[in-house]
Amino acid sequence: MRSLLFVPGDSERKLEKSLTCGADVLLVDLEDSVAIDAKPRARETAAAFLGAAGQHAGRPRLYVRVNALDTGETDADLDAVMRAAPDGIMLPKSISGMDVQHLCAKLAVHEAEHGLADGATRIIVVATETAASVFNLGTYAGASPRLAGLTWGAEDLSADLGSLGNRTADGRYSGPFWLARNLCLFGAVAADVAPVDTVFTNFRDMDGLRAEALEALNDGFTGKMAIHPAQVPVINEVFTPSPDEIAKARRIFEAFAAAGNPGVVGLDGEMLDRPHLRRAEKILARAGSTAGD
Ligand code: COA
Ligand code: MG
């Protein structure tokens, strides 16, 4: 999961375009990009799209961003889309691992109703949209085997905090938002799921997007969400390990294997120990499953 593209669930045109833009995951949105009175129609449009797109060979993974659990809209969203068997659900405004378990109970019922395998529907949560949720980023470990990723959001968090903005004059996230981002990274890694960086909303600024994606990659994120198809190739490129990186990781992996997996090996005059091996394994995992979880 390198690139995860949001597509408004009420836009047939954008849904159609999204299928061929190279995103690893589509996030068909029923939440913030759909007006309240457009939601019933968006649910039907999204379900029809999922049903048809699910048949395409080589399609991206299909997730639906439902409305938050406290809106009273979540069940209507799931009633509409679960019959089309999406690969996963994105849960916004998740407060803690308990929200994941709450959603799991709902998904299990829908899976049984539609003859889907129990646990087939994965979950990605947006885990930093309120101040309270930031204190619970350590609660996702063990929440559910359905959990595939954790991501963070700055816009709703900004609204909850009452902050005047979320970036400083030089364009970087200001302190509270950087903290939420970093804790999301720790929470995801602690839960052994994919840490996914948030959207870059200025969709004409490709240099800015690339810089932010590179910083995320450097820190340990394995993918980034997008809001516009033009952002997808940039994100895919940044989060795809280069042939050199893969070759180096493979050499490290093989050096440990050849030596009988000791604590430490020497390679090209450099001392390598277990953290180097774990890093190499993570690069090989990313190289092997760019579209997977
Ligand atoms: N998915 C699929 N197609 C998209 C798209 C998306 N997210 N965003 C734009 N497109 C399509 C447009 O329909 C357009 O195609 P067309 O000319 O054949 O109609 C083409 O890409 C170029 O779009 P462009 O004119 O550059 O942008 P726009 O003004 O039409 O749209 C946004 C700008 C921001 C409204 C749009 O990108 C969007 O809806 N993004 C997703 C927003 C969202 O889901 N937000 C919630 C999460 S934060
Ligand atoms: Mg939002």
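All values below come from the heavy atoms of this structure, side chains included, with hydrogens, waters and symmetry mates left out. Note that the coordinates shown come from a computational prediction; the quantities given were computed from them, not determined experimentally. Indexing begins at 1, ligand by ligand and atom by atom, following the structure's order.
Residue D29 has no nitrogen or oxygen atom sitting less than 3.5 Å from a nitrogen or oxygen atom of ligand 1, judged on distance alone. In terms of polar-atom proximity, F6 is counted as a contact of ligand 1, with an N or O under 3.5 Å from an N or O of the ligand. Checking only distances, K14 does come within under 3.5 Å of ligand 1, N or O to N or O.
For CE of M98, the number of neighbouring non-hydrogen atoms (other residues, nucleotides, ligands) closer than 6.0 Å is 12 at most. Sparse packing is recorded around CG of D192, with 12 or fewer heavy atoms of other residues, nucleotides or ligands lying under 6.0 Å away.
Ligand 1 lies within reach of R204, whose nearest heavy atom is under 4.0 Å from it. No heavy atom of M225 sits closer than 4.0 Å to any atom of ligand 1. Residue V7 places a heavy atom less than 4.0 Å from ligand 1.
From the protein, the heavy atom lying nearest to atom 45 (N) of ligand 1 is S33 CB, 3.8 Å. Nearest protein heavy-atom contact of atom 20 (C) of ligand 1 is K17 NZ, 4.2 Å. When hydrogens are left out, the protein atom nearest atom 23 (O) of ligand 1 is H228 NE2, 3.3 Å; that is the closest non-hydrogen contact. Of all protein heavy atoms, the one closest to atom 16 (P) of ligand 1 is R13 NE, 3.4 Å. Looking from atom 37 (O) of ligand 1 to the surrounding protein, the closest heavy atom is I227 O, 3.2 Å. The protein heavy atom nearest to atom 34 (C) of ligand 1 is F203 CE2, 3.5 Å. Taking atom 8 (N) of ligand 1 as the reference point, the nearest protein heavy-atom neighbour is P229 CD, 3.4 Å.
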message = One pair to check against side-chain hydrogen bond (donor to acceptor under 3.5 Å, both in side chains): Q101 and S144. What are the steps and the verdict?
response = CA-CA 7 Å; Q101 286 164 355; S144 166; over 6 Å; no

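Shown here, atom 18 (O) of ligand 1 is in close reach of the protein: a heavy atom of it lies under 4.0 Å off. Counting only heavy atoms, the protein never gets under 4.0 Å from atom 29 (O) of ligand 1.
By the 30° and 60° cut-offs, the orientation of the rings of H228 relative to F203 is parallel. Ring geometry for Y173 versus F177: interplanar angle of 30 to 60°, hence tilted.
Salt-bridge check for R146 with D118: passed, with a basic side-chain N closer than 4.0 Å to an acidic carboxylate O. With respect to E245 and R250, no salt bridge is recorded, no charged nitrogen being found less than 4.0 Å from a carboxylate O. Looking at D197 and K224, a side-chain N of the basic residue comes within less than 4.0 Å of a carboxylate O on the acidic one, giving a salt bridge. Salt-bridge annotation for E212 and R172: absent, with no side-chain N of the basic residue lying under 4.0 Å from a carboxylate O of the acidic one. In this structure, D75 pairs ionically with K106, as a charged nitrogen and a carboxylate oxygen lie closer than 4.0 Å.
Remark: ligand 1 atoms within the under-4.0 Å shell around heavy atoms of R65 are 46 (C), 47 (C).
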